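Working notes, structure below.
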Amino acid sequence: MAFSFYNTLGRSKQSFSPLQEKKVGFYGCGPTVYNYAHIGNIRAYVHHDILVRSLRRAGYDVNHVMNITDVGHLSDDSDAGEDKMVKTAEERGKSVLEIADYYTKAFFNDTDKMNITRPTIVCKATDHIKEMISLIERIEKNGFTYLTGGNLYFDISKFPSYGDLALLKLEDLQKSEQTEFARIDQDENKRNAGDFVLWFTKSKFENQALVWDSPWGKGYPGWHIECSAMSIKYLGEQFDIHCGGIDHIPIHHTNEIAQSEAATGITPWVKYWLHNEFLVLDKGKMSKSKGGFLTLQSLIDEGFDPLDYRYFLLSGHYRRQLQFSFESLQGAKNSRKSLVEKVRGLLEKTSRGGAEAQRAQGEDKGEESGKELNISSYIEGFDKAIEDDLNTPRALAELWGLLKDVQGCNHSTTAKALEAIYDMDSVLGLGLKETVNNKNTGTEENEELKQEIEELIKKRIEAKKAKDFSAADNIRQNLKDRGIILEDGVNGTTWRFEQP
């Protein structure tokens, strides 16, 4: 597959060419584990998942690294505000590490429900302080830092290309009155408004919870350094793709580039920067700091399956703002339910068709009837959509087009269509194969199917009591053709799904 991605560094769609053939190093900014992820956060991780699934389907060996920020994340990217981890720990009467562990588990519980593939490597900031100190020492040795007021700062004036990612001019960033930095509480120790802390020893907070010894004194790292240190450790000093939300562009990712390239001397540090847009509500961007944010559990409590929300996210391109409402989520739920029903219908048809074809072959009744369809054309359309900067709305349209056009086709064509749908879903991640086989429990359609099976078991028992063994056998065979196996035992009849 010939992928092209919109690279924020350069603001253009560019053909994808990894540093190593068929190998991709990918770093995605992970959560700060001081609270539950909100549904806007989850949009970013679904984007990461689509990227990884697409590359792996195309035959790439993807090393996906994600950080867990469990120390030193202030409420503003520019070294201002409160320490989120400490604040939550104090409010809950827990230690910082207890808070981090609880919300890390909650985060992965959410991503598992969303059918998001776990990263190859998950790295905690607190486990990599040594690597951060080592990287800071390299930056300092190369002349990009200054020590004042007890803290070590990165001097952006020493890095001429600072701000290229965000299309910001260095001379403007050095003047606090001309930049967004003027709107925040300024650090008087900074030479330039855009300078940032690499290592704190003089924290604005008394009794800072987590501190470590360093060449600059006992303290803790600035937020930005953790991503550089951990990505370099696991992906090398240059790698292919870095992802995150668009809010990371002007400060966090800009600072990552500056400190990483200042340390290594390698340009570009990352070849492709992919950023997802915000999920927006009627009142604007969702933010934890403003309170009242929606979690995945809040959607579940309203009667939605997590995969309904995944379908909703796939209906919009990751680089476009997506307006959230419960009405639009209900529409996604209805569409996904219809999708599952249609795919289940194909599965049932192939199961029945296979049995009928075998019987027909044994009775020499000739070839199967029904129209044929060029399945490969839909796969090609799907591939083109995904290759084109992960265009999931177009990819979904190809899936629906195949489902529509395969109606009335012969058994072999239907079987090929079902295989193609499962292949498409290996990227979309809607769990269709598992759901139609009823392995994804808890959905409305599965509960309905369970009730139907139980009713058929009762009818079979009644048929056997009436010595109508033909009717009983027909019920068993019909369920078997749908992939449902009945097992009679001393405690009655139980059922299970046949392994696909």
Side-chain angles (χ1 to χ4, degrees), residues 8-9 27-32 34 65-85 123-126 128-140 142 144-147 151-159 161-166 168 170 173 179-181 184 187 189-190 192-201 203-204 210 212 214 216 219-235 237 239 242-264 268-270 273 275:
T8 305
L9 187 61
Y27 186 86
C29 281
T32 302
Y34 71 98
V65 178
M66 186 186 76
N67 66 302
I68 299 291
T69 299
D70 56 356
V71 63
H73 190 332
L74 306 183
S75 60
D76 188 281
D77 289 356
S78 303
D79 303 326
E82 299 175 281
D83 185 316
K84 295 179 179 181
M85 295 298 303
C123 41
K124 294 181 180 180
T126 50
H128 296 80
I129 301 300
K130 178 181 176 182
E131 287 80 4
M132 296 181 211
I133 291 174
S134 177
L135 188 63
I136 294 171
E137 288 179 316
R138 293 175 66 184
I139 299 169
E140 183 179 43
N142 290 341
F144 290 90
T145 67
Y146 59 91
L147 184 64
N151 299 328
L152 187 71
Y153 294 84
F154 186 96
D155 187 347
I156 66 171
S157 68
K158 301 290 184 64
F159 193 78
S161 61
Y162 186 88
D164 284 359
L165 180 73
L168 300 171
L170 179 59
L173 291 170
T179 73
E180 64 178 285
F181 297 103
I184 62 174
D187 182 344
N189 292 317
K190 291 184 178 182
N192 308 290
D195 291 348
F196 56 95
V197 178
L198 296 169
W199 189 268
F200 289 96
T201 65
S203 172
K204 65 185 71 178
L210 297 176
W212 294 265
S214 80
W216 313 280
Y220 65 97
W223 173 42
H224 313 293
I225 197 67
E226 70 172 81
C227 288
S228 292
M230 292 190 288
S231 61
I232 288 173
K233 175 181 175 67
Y234 294 109
L235 297 173
E237 297 197 346
F239 58 93
H242 196 314
C243 286
I246 60 166
D247 51 329
H248 288 333
I249 296 172
I251 300 177
H252 180 48
H253 286 170
T254 291
N255 290 352
E256 279 190 62
I257 291 172
Q259 64 197 12
S260 300
E261 295 184 1
T264 66
W269 171 50
V270 176
W273 290 84
H275 291 94

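All values reported here derive from a predicted model rather than from experimental measurement. Reckoned from all heavy atoms, side chains included, excluding hydrogens, waters and symmetry mates. Note that the numbering runs from 1 along the sequence shown for the chain.
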Worksheet item: Do Met66 and Pro31 have side chains that get closer than 4.5 Å, going by heavy atoms?
Response: yes
Worksheet item: Which atoms form the tightest heavy-atom contact between Gly28 and Asn67, and what is the distance?
Response: O-OD1, 3.8 Å
Worksheet entry | Backbone N/O of Phe154 and side chain of Thr145: donor-acceptor pair under 3.5 Å | no
Discussion item. Holding to side-chain hydrogen bond (donor to acceptor under 3.5 Å, both in side chains), I want the full list of residues that pass it with Lys233, two or more places apart in sequence or in another chain.
Written reply: Glu131
Fill in: Closest heavy-atom pair and its distance - Cys123, His128
CB-CE1, 3.5 Å
Worksheet item: So, does Asp187 use its side chain to make a donor-acceptor pair with the main chain of Asn189 at under 3.5 Å?
Response: yes
Discussion item. Checking Glu140 now: which residues fulfil salt bridge (charged side-chain N to carboxylate O under 4.0 Å, His left out) with it, not counting sequence neighbours?
Written reply: none
Worksheet, complete the sentence: Of all heavy-atom pairs linking Cys29 and Cys227, the shortest is SG-SG, 4.2 Å
Practice prompt. Test side chain to side chain contact (heavy atoms under 4.5 Å, CB included) on Val65 and Met230 and set out the steps.
Written response: CA-CA 9 Å; Val65 178; Met230 292 190 288; 5.6 Å; no
Item to complete: Quick one: list whatever passes side chain to side chain contact (heavy atoms under 4.5 Å, CB included) with Ser214, sequence neighbours left out.
Response: Ile133, Trp199, Trp216
Worksheet entry | Parallel, tilted or perpendicular: rings of Tyr27 and Phe239 (30°, 60°) | tilted
Fill in: Any residue meeting side chain to side chain contact (heavy atoms under 4.5 Å, CB included) with Ser228, in chain and number order, not counting sequence neighbours
Leu135, Glu256, Gln259, Ser260, Trp269
Response to the item:
Here the gap from Tyr153 atom OH to Lys190 atom NZ, rounded to the nearest 0.5 Å, amounts to 7.0 Å
Practice prompt. Please round to the nearest 0.5 Å and tell me the distance separating atom CG of Leu198 and atom CE of Met132.
Written response: 12.0 Å
Worksheet, complete the sentence: Heavy-atom closest pair (Ile139 atom, Ala263 atom, distance to 0.1 Å) is CG1-CB, 3.6 Å
Worksheet, complete the sentence: In short, Asp70 meets Leu210 closest at the heavy-atom pair O-CD1, 4.0 Å
Worksheet entry | Spacing of Phe196 atom CZ and Thr254 atom OG1 [to the nearest 0.5 Å] | 9.5 Å
Discussion item. With a 4.5 Å cut-off on side-chain heavy atoms, are Thr8 and Leu165 touching?
Written reply: yes
Worksheet entry | With sequence neighbours excluded, residues passing side chain to side chain contact (heavy atoms under 4.5 Å, CB included) with Lys158 | Phe144, Asp155
Practice prompt. Over all heavy atoms of both residues, which pair between Pro221 and Ile225 is shortest? Give the atoms and the distance, please.
Written response: CB-CG2, 3.7 Å
Discussion item. With rounding to the nearest 0.5 angstrom, report the CD1 to NZ distance, Ile68 to Lys124.
Written reply: 8.0 Å
Worksheet item: How far does NE2 of His253 sit from CD1 of Ile246, to the nearest 0.5 angstrom?
Response: 12.0 Å
Worksheet item: Does any non-hydrogen side-chain atom of Trp212 lie less than 4.5 Å from one of Thr126?
Response: yes
Worksheet entry | Sequence-distant partners of Glu237, side chain to side chain contact (heavy atoms under 4.5 Å, CB included), two or more places apart | Arg138, Ile232, Thr264, Ile266
Practice prompt. Find out whether Tyr162 and Asn255 are in side-chain contact, i.e. whether some heavy atom of one side chain is under 4.5 Å from a heavy atom of the other.
Written response: yes
